Structure formats: structure tokens, C-alpha cells
Number of protein chains: 2
Amino acid sequence: MKELHILIVEDDEELAKSLQLFLNEIAQTTVSHDGFEGQMLGQEGIYDLVVLDLMLPQVNGYDILKHWRNEDHLSMPVLILTAKDTLDDKVHGFQLGADDYLTKPFHREELIMRVKALLKRSGHLGNDNQLTVGPFKVNLSNRIVSVNDKPLELNGKEFDLLVYFIQNPDTIITKDQIFDRLWGFESETAISVVEVYMSNLRKKLKKSSSLSPIKTLRNVGYMFETEALA
Amino acid sequence: MKELHILIVEDDEELAKSLQLFLNEIAQTTVSHDGFEGQMLGQEGIYDLVVLDLMLPQVNGYDILKHWRNEDHLSMPVLILTAKDTLDDKVHGFQLGADDYLTKPFHREELIMRVKALLKRSGHLGNDNQLTVGPFKVNLSNRIVSVNDKPLELNGKEFDLLVYFIQNPDTIITKDQIFDRLWGFESETAISVVEVYMSNLRKKLKKSSSLSPIKTLRNVGYMFETEALA
DNA sequence: CGAAGCAAGCATAAATTAAGCTTAAAAATT
DNA sequence: AATTTTTAAGCTTAATTTATGCTTGCTTCG
């Protein structure tokens with residue numbers, strides 16, 4: 001299971017499938033062929049990046065992006081991928097908060113490069129698949145974690161949980177977001193598992209590094225505080 | 001708003017001048033027409049972003065970027081601006097750690113948009129989800145409040161209450177409005193809870209800042225007065 | 001006029017509720 | 001069999017609500 005999640009909103013099923021194929025080599029992908037559904041999925045706030053087509057049936061890609069940025073206050077990187085190639089279109093896209101704008105037809109390599117660049121810049125992907133925050137080093141390819149160069153053994157879900165926090169430092173993450181990201185919406189599991197894993201992760205962090213960087217915001221969520229790492 | 005500093009490395013003096021003209025509207029700019037000098041300047045590590053041409057006399061733009069990333073461990077965003085438009089060139093640029101790649105000829109607007117997007121993503125350009133009124137700063141994404149830069153701890157409902165006032169300064173808000181917004185119409189709770197929370201919030205504000213910006217309008221409602229913040 | 005009465009709102013503390021934590025055991029997966 | 005995942009239960013702690021008496025300003029009427 002990959003730690004990165006990319007949402008693809010693209011109505012052309014053929015293209016969507018290739019996109020998924022391309023991007024699967026760096027992340028887990030979710031595809032929506034419908035603008036409305038895509039918007040809903042994005043609202044979950046669990047994706048590390050979104051590839052967004054502009055011309056969708058019913059809903060306009062611009063409006064989706066606008067809503068994400070202005071109403072939902074979501075800050076994940078968004079790459080617009082579209083046939084609309086006029087300057088006005090690009091400017092409009094960027095003004096609404098896009099991070100990159102690629103016009104069809106495009107090269108597979110360029111898409112991957114641009115996606116990687118965005119993930120890197122937004123702190124969701126490190127050089128050679130390594131994320132570093134304070135004393136934490138997380139290697140996404142071999143799933144090895146160290147704190148102050150001391151190895152830290154985490155099992156699968158504990159690792160995924162830590163990665164999610166490391167990728168979103170100083171940001172509130174709700175219990176539902178954690179659940180949706182690690183277990184998936186449709187999971188039958190009780191949401192209280194999240195608490196169990198929080199407890200386990202915190203215990204291990206404390207034991208190995210005597211750090212307690214994850215704060216609880218009762219009724220709101222959790223937050224990994226980088227300030228507490230000094 | 002001009003604390004941003006952009007380095008432009010471009011040997012074509014004509015183009016460099018236009019670039020400077022374009023980018024001056026968002027940042028302070030420094031131009032170098034020479035690869036060596038440009039590399040040195042970049043090494044200072046004081047720039048928030050670099051616009052880099054690839055074909056430079058003597059030194060190759062790729063090598064400069066490579067050196068910055070691998071030897072100097074510099075992480076500022078770099079936008080490559082060049083006439084080299086083959087896929088291989090782009091891939092190469094991204095692999096060396098570029099954040100964006102724009103080919104000549106380009107539109108002024110697009111350059112500015114892309115530069116802004118990079119600055120935003122790297123946290124140098126305001127993207128903050130923050131409300132500010134007088135000495136109050138309320139960050140909606142991490143629910144942190146400060147008054148005169150002094151942190152103020154509020155629990156869930158207290159925070160929601162303050163946000164409601166901050167979002168509607170100098171406006172009368174009735175007790176019912178507060179109740180409906182924080183508890184919902186159908187709530188069974190007695191409406192006098194509002195008074196309790198008003199009391200708690202006021203006490204905390206007073207204690208931390210000795211301000212009492214919320215006035216009671218008997219039989220009418222409450223009002224957060226910005227005038228009282230001088 | 002001015003004191004009594006009254007209602008709105010305030011302050012504090014006590015009681016209640018519920019969110020989140022911890023642990024251990026059961027179930028599933030390897 | 002060993003490890004991971006999930007459930008369940010009791011516990012802890014913080015937020016929420018209620019209850020109570022107090023303060024303030026307005027109204028009324030002696």
C-alpha cells in the first residue's frame with residue numbers, strides 16, 4: 001500500500017485510465033468521472049494532490065477548485081490538466097489557486113515530473129522518497145522510520161498514520177480524515193480504532209524519543225506540532 | 001509586501017530587463033547575466049525564488065541547479081525559463097530539482113502566475129486562512145488565537161464564539177443567533193448557556209489582553225466593537 | 001423624586017455528559 | 001505460531017450544561 005493518495009477528476013474514461021496507470025507508480029489513485037462526485041471526494045481533505053480536468057459534465061472544474069479553496073479552505077496542490085490552452089484559461093486557473101497547469105496533449109513523463117515536483121514542494125514527497133521533519137526521518141520506499149537517527153519500529157497502520165501527520169505538520173487532521181485515509185470510507189471498522197492507533201503511536205514515539213508532538217484538539221481533531229520538536 | 005526577493009539568471013539582457021519589469025510587481029529582483037555570478041548569488045541562500053535560464057555563456061544552467069541542490073543543499077523554488085522545449089530537457093530539469101519549467105516564448109501573465117503559485121506553495125506568499133481584527137489573530141486552520149501575538153487558549157465553543165464575533169465586527173448579534181449557530185435550532189439545551197460562554201470568553205480575553213471588546217445591548221444582543229481596540 | 005420591584009444578564013461552582021485514552025482480549029491475517 | 005488488526009470495556013479528563021445567587025439598569029408607584 002502506497003502512502004500517497006492522488007485524486008483524479010477526469011470525465012474521459014479512457015484518459016482517466018491512463019492517468020491512473022501513469023500515476024500509480026508514485027501513489028495510490030482514486031478516479032472520479034463526475035465533477036460533483038469529484039468535488040465531494042476532494043472535500044474529504046485526505047488527498048496529497050489532485051489532477052483536475054476543467055471540462056466536466058454538469059460542474060465546471062473552475063468552480064470545484066474555487067469551492068475547495070474558498071469554502072472548504074483546502075490547500076492540497078492541484079494540477080489542472082485540460083485542453084483549454086488560452087492564456088486567459090491559465091490565468092484564471094492560477095488565480096483560483098491552481099499550482100500547475102498542463103495542457104492536453106501532454107507527455108506522460110512531463111506529467112509525472114510535474115506531479116512529483118508539486119508533491120516535493122508541498123512536503124508530501126521528499127528527495128529519494130524520504131521525508132524529514134525535525135528529528136523524524138521517514139523512508140517511504142522501505143517504510144523505515146528513525147528519530148534522531150535511532151530506528152523506530154512501526155507496524156503498517158502505525159507507519160501510515162505517522163506519514164499522514166508528517167505530511168501535514170501544524171495542520172488539524174480530524175479523526176474522520178484519518179479514518180477515511182487509512183481505512184477508506186466504505187470500511188466497516190469502528191472509527192474508534194483511530195484512537196487505539198493514536199495511543200500506540202504516541203506510546204512508541206514517547207518511548208523512543210521522549211517526544212509528544214501530536215496534540216489532541218478535543219471535538220476537532222489532532223495536530224502534529226513542529227514547534228514541539230525543538 | 002516587498003520582502004520577497006527573486007533572483008533572475010538570464011544572459012539575454014533585453015529579456016532580463018523585461019523579466020525584472022514583470023516581476024518587480026511582486027518582489028525585489030536581482031539580475032545576473034552571467035552563469036558563474038548567478039550561481040554565486042544563488043548560493044547566498046537569501047532568495048525566495050530563482051528564475052533560471054538554461055543556455056548561459058560558460059556555465060550550463062543544469063549544472064548550476066544541480067550544484068545548488070546537491071552541494072549547497074538549497075531548497076528555494078527554481079523556475080526554469082528556456083527555449084529548450086523538448087521533453088528530455090524538461091525531464092532533466094525536473095530531475096535536477098526544478099519546480100517549474102516554462103518555455104520561451106512565454107506570456108508575461110503566465111510567468112507571473114507561475115511565480116506566484118510557487119511562492120505561495122513554498123510558504124513565502126500569504127495564503128493564510130487567518131482572520132485579523134485589531135490585535136486579534138485567529139487562524140481557522142489550526143484554531144490558534146493570539147492577541148498582541150500572545151497566544152490565547154480557547155476550547156471548542158469559546159473559539160467558535162469568538163470567530164462568530166470576529167467575522168461580524170461592529171454588528172449586533174442576538175443571543176438566538178449565537179445559539180442557533182453554535183448549538184443548532186433543534187438543540188434541547190437551555191439558551192442561557194450562551195451567557196455562560198460569553199462570560200468565559202470575556203474572562204479569558206480580559207485576563208490575557210485586558211481588553212473588553214464585547215458589549216452587551218440589553219434586550220437586544222451583543223456587539224464586538226472594533227473601536228474599543230485602539 | 002427615589003426606593004422597591006423586576007427582569008436581563010453575569011459569575012461561579014457543581015453536576016452531567018461525552019470525547020478520548022488505555023488496556024487486554026478476540027479475531028483476522030501472515 | 002506470530003503479528004497485526006479490531007473490538008470491547010472501563011477509566012480519565014475535559015467540555016458542556018444546569019443551578020444558584022449576584023449585579024445592573026430599568027420601571028413603577030408611594
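Keep in mind that what you see is a predicted model, and the values were worked out from it rather than measured. Below, chain A is the first sequence line, B the second, and so on; all start at residue 1.
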Donor-acceptor pair, A:Lys204 side chain versus A:Leu152 backbone, under 3.5 Å? no
Contact residues, residues 150-188 of chain B to DNA chain D [heavy atom, < 4.0 Å]: B:Asn155, B:Lys157, B:Trp183
Give me the one residue out of A:Asp99, A:Val50, A:Asn168 that meets side-chain contact (heavy atoms from CB on, under 4.5 Å) with A:Met76. A:Val50
Using a strict heavy-atom distance below 4.0 Å, which residues from residues 197-216 of chain A are in contact with DNA chain D? A:Tyr197
Reported CG-to-CG distance for the pair B:Leu96 and B:Leu52, which is rounded to 0.5 angstrom: 10.5 Å
B:Asp89 and B:Tyr62: side chain donor to acceptor below 3.5 Å: yes
Per the under-4.0 Å heavy-atom filter, residues of residues 189-196 of chain A near DNA chain C come out as A:Glu195, A:Val196
Extract all donor-acceptor atom pairs below 3.5 Å that involve side chains of residues 125-136 of chain A and protein atoms in other chains or at least two apart in sequence.
| unit_1 | atom_1 | unit_2 | atom_2 | d |
| --- | --- | --- | --- | --- |
| A:Gln130 | OE1 | A:Asn139 | ND2 | 3.4 |

Give the minimum heavy-atom separation between A:Ile172 and A:Gln177, together with the two atoms involved. O-OE1, 3.9 Å
Side-chain donor-acceptor distances from residues 215-230 of chain A under 3.5 Å, at least two apart:
| unit_1 | atom_1 | unit_2 | atom_2 | d |
| --- | --- | --- | --- | --- |
| A:Lys215 | NZ | A:Glu225 | OE2 | 3.3 |
| A:Thr216 | OG1 | A:Arg202 | NH1 | 3.4 |
| A:Thr216 | OG1 | A:Arg202 | NH2 | 2.7 |
| A:Thr226 | OG1 | A:Asp170 | OD1 | 3.4 |
| A:Thr226 | OG1 | A:Asp170 | OD2 | 2.6 |

Just checking A:Lys90: does its NZ atom have more than 12 heavy atoms from other residues, nucleotides or ligands closer to it than 6.0 angstrom? yes
Kindly indicate whether the side chain of A:Phe179, heavy atoms from C-beta on, has any atom under 4.5 Å from the side chain of A:Val193. yes
Look at the rings of B:His5 and B:Tyr47 and say which category their plane angle falls in: under 30° parallel, 30 to 60° tilted, over 60° perpendicular. perpendicular
Salt-bridge contact A:Glu110-A:Arg114 (side-chain N to carboxylate O under 4.0 Å): yes
First and last nucleotide of DNA chain C in contact with chain B, 5' to 3', at under 4.0 Å to a heavy atom: what are they? C:dA7 to C:dT12
Pairing of A:Arg181 and A:Asp48 as salt bridge, 4.0 angstrom limit: yes
